[in-house]
Amino acid sequence: MKDNITWQELMASMDSAKAHPTDTAWDIYWYLKNNYQECGSEQTRMLLFAYTKIPLERPSLLHSCILQLALKISEQYDDFNLLNFIRIWGYNQFLRPEDKEGRTTEDGKYFISLEDRTERTVREYLNRHPEHCPLKRDPELPMILPPIIGYVNSYDAKNDFFHIFDNASRHFVAKSPKVLPLIGEYVWFTPIIPANSRFKSAVIIKQEEHIAGRETFGTLDAVYQQTDTEKKTFRYKITSPLPDADGGTMVAEGNASLKLLNCPKGKYPEEGTHLKLVVFLVRGSDGTKYNHVAEAVLN
């Protein structure tokens, strides 16, 4: 086994792989590591497929090196199906303990863990290929959940982040999505929740029609209590059972902007008028999560 193997030597090694499977697997790794940028997508995918067919002990250093290399290959060749490879590789089974830890070199440079690198690359891959988002929970892709409906609450132009909330008040960030959403609308998205981080990402699959999106997201019944024309708000009381909310507690009474009602000036609802509200928790400047009314619809 050497780290500068030629194509002819690799072919000879693969022809006799049954006699030395581990050496052949290392030969595939070193050849790809040195040549994947030049040898083309088809040949690269063929060699990775050949590696997966070799009976080897897993987990292992070699198996982890192959995954790390596959992440680079997915960035080089857009037709390489990264999710399929990760499933075959056995992500949920074969990560070693050391693959879950970052490391710092003697000169102080920090390298993220293979686990974190994989999850970051998967997010980037799915942003390029939202059509590959799994339709159900996949045990080999533990950081990816099935698509759900979400409300697009705001956009951070500086970081190119869209902030999305689900009906459990979980906050997701879609960075530079291929499918561009509209603020105040509903989208189907795939949540990606890394195992070792609270940072939640969203891969937007498609925009949903507004009323259908609102119905799927879910509304809470409420009654209109009073109008504050000076603050341009109204007070409401939720009469539905309060849902569980991520990271905080939803309260029954609160205030919301009168703009949500689209009423002519001075013609506000009477006390006791029934409403349907879209409500989720948003973190305030003090770090506490508070009710946020995204929509208010008069019954």
Treating Ile, Leu, Val, Met, Phe, Trp and Tyr as nodes and any side-chain heavy-atom pair under 4.5 angstrom as an edge, say whether [X] and [Y] lie in one connected cluster.
X: L277; Y: Y290; result: no
X: L275; Y: V223; result: no
X: I193; Y: I204; result: yes
X: L114; Y: F85; result: yes
X: Y151; Y: I238; result: no

Among N153, D156, I183, side chain to side chain contact (heavy atoms under 4.5 Å, CB included) partner for F162: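 The option that passes is I183.
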Is any side-chain heavy atom of [X] less than 4.5 Å from a side-chain heavy atom of [Y]?
X: Q226; Y: D228; result: no
X: Q207; Y: E185; result: yes
X: I149; Y: W188; result: yes
X: I66; Y: Y51; result: yes
X: F80; Y: T44; result: no
X: L145; Y: R137; result: yes
X: T121; Y: K72; result: no
X: L71; Y: L82; result: yes

Would you call the rings of [X] and [Y] parallel, tilted or perpendicular if under 30° counts as parallel and over 60° as perpendicular?
X: W89; Y: F94; answer: perpendicular
X: F280; Y: F217; answer: perpendicular
X: Y125; Y: H129; answer: tilted

A quick test of your reading: do over 12 heavy atoms of other residues, nucleotides or ligands sit less than 6.0 Å from [atom1] of [X]?
X: E57; atom1: CD; result: no
X: K289; atom1: NZ; result: yes
X: K33; atom1: NZ; result: no
X: H274; atom1: NE2; result: no
X: E38; atom1: CD; result: yes
X: E253; atom1: CD; result: yes

Nearest 0.5 Å, please: how far is [atom2] in [Y] from [atom1] in [X]?
X: T118; Y: I86; atom1: OG1; atom2: CD1; answer: 6.0 Å
X: L220; Y: K237; atom1: CG; atom2: NZ; answer: 14.5 Å
X: I88; Y: N81; atom1: CD1; atom2: CG; answer: 9.0 Å
X: D138; Y: R87; atom1: CG; atom2: CZ; answer: 4.5 Å
X: I54; Y: L56; atom1: CD1; atom2: CG; answer: 6.0 Å
X: D23; Y: I28; atom1: CG; atom2: CD1; answer: 11.5 Å

Applying salt bridge (charged side-chain N to carboxylate O under 4.0 Å, His left out) between E295 and each of R214, K276, K259, report the one that passes. R214
Checking side-chain polar atoms at under 3.5 Å, does D27 have a donor or acceptor matched by the opposite partner on S13?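 Looking only at side-chain atoms, S13 and D27 do form a donor-acceptor pair, the distance falling under 3.5 Å.
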Regarding Y155 and D160, is there a side-chain donor-to-acceptor distance under 3.5 Å anywhere?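 Result is yes, a qualifying pair exists.
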Determine, stepwise, if the pair V122 / L83 fulfils side-chain contact (heavy atoms from CB on, under 4.5 Å). CA-CA 8 Å; V122 165; L83 297 194; 4.1 Å; yes
D79: partners by salt bridge (Lys or Arg N to Asp or Glu O under 4.0 Å), with sequence neighbours left out: R45
Does [X] reach the main-chain N or O of [Y] with its side chain, forming a donor-acceptor pair under 3.5 Å?
X: E115; Y: D99; answer: no
X: S169; Y: F165; answer: no
X: Y77; Y: G40; answer: yes
X: K178; Y: N127; answer: no
X: E140; Y: Y91; answer: yes

Lys/Arg N to Asp/Glu carboxylate O, E75 vs R120, below 4.0 Å: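 So E75 does not pair with R120 through a salt bridge.
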Looking only at the aromatic ring of each residue, does the gap between the centers of Y224 and F234 stay below 6.0 angstrom?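 Yes, the ring of F234 comes within the 6.0 Å limit of the ring of Y224, centre to centre.
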Please determine whether side-chain contact (heavy atoms from CB on, under 4.5 Å) holds for the pair D246 and D166, giving the CA-CA distance in whole Å, both sets of side-chain angles, and the decisive distance to 0.1 Å. CA-CA 10 Å; D246 181 62; D166 70 3; over 6 Å; no
Criterion side-chain contact (heavy atoms from CB on, under 4.5 Å) on N291 and Y236, from CA distance to verdict: CA-CA 11 Å; N291 283 24; Y236 63 85; 3.2 Å; yes
What pair of heavy atoms forms the shortest contact from E9 to T6, and how long is it?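 Closest heavy-atom pair between E9 and T6: OE1-N, 2.9 Å.
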Take L261 and L298 through the side-chain contact (heavy atoms from CB on, under 4.5 Å) test and state the conclusion after the steps. CA-CA 7 Å; L261 298 172; L298 293 170; 4.3 Å; yes
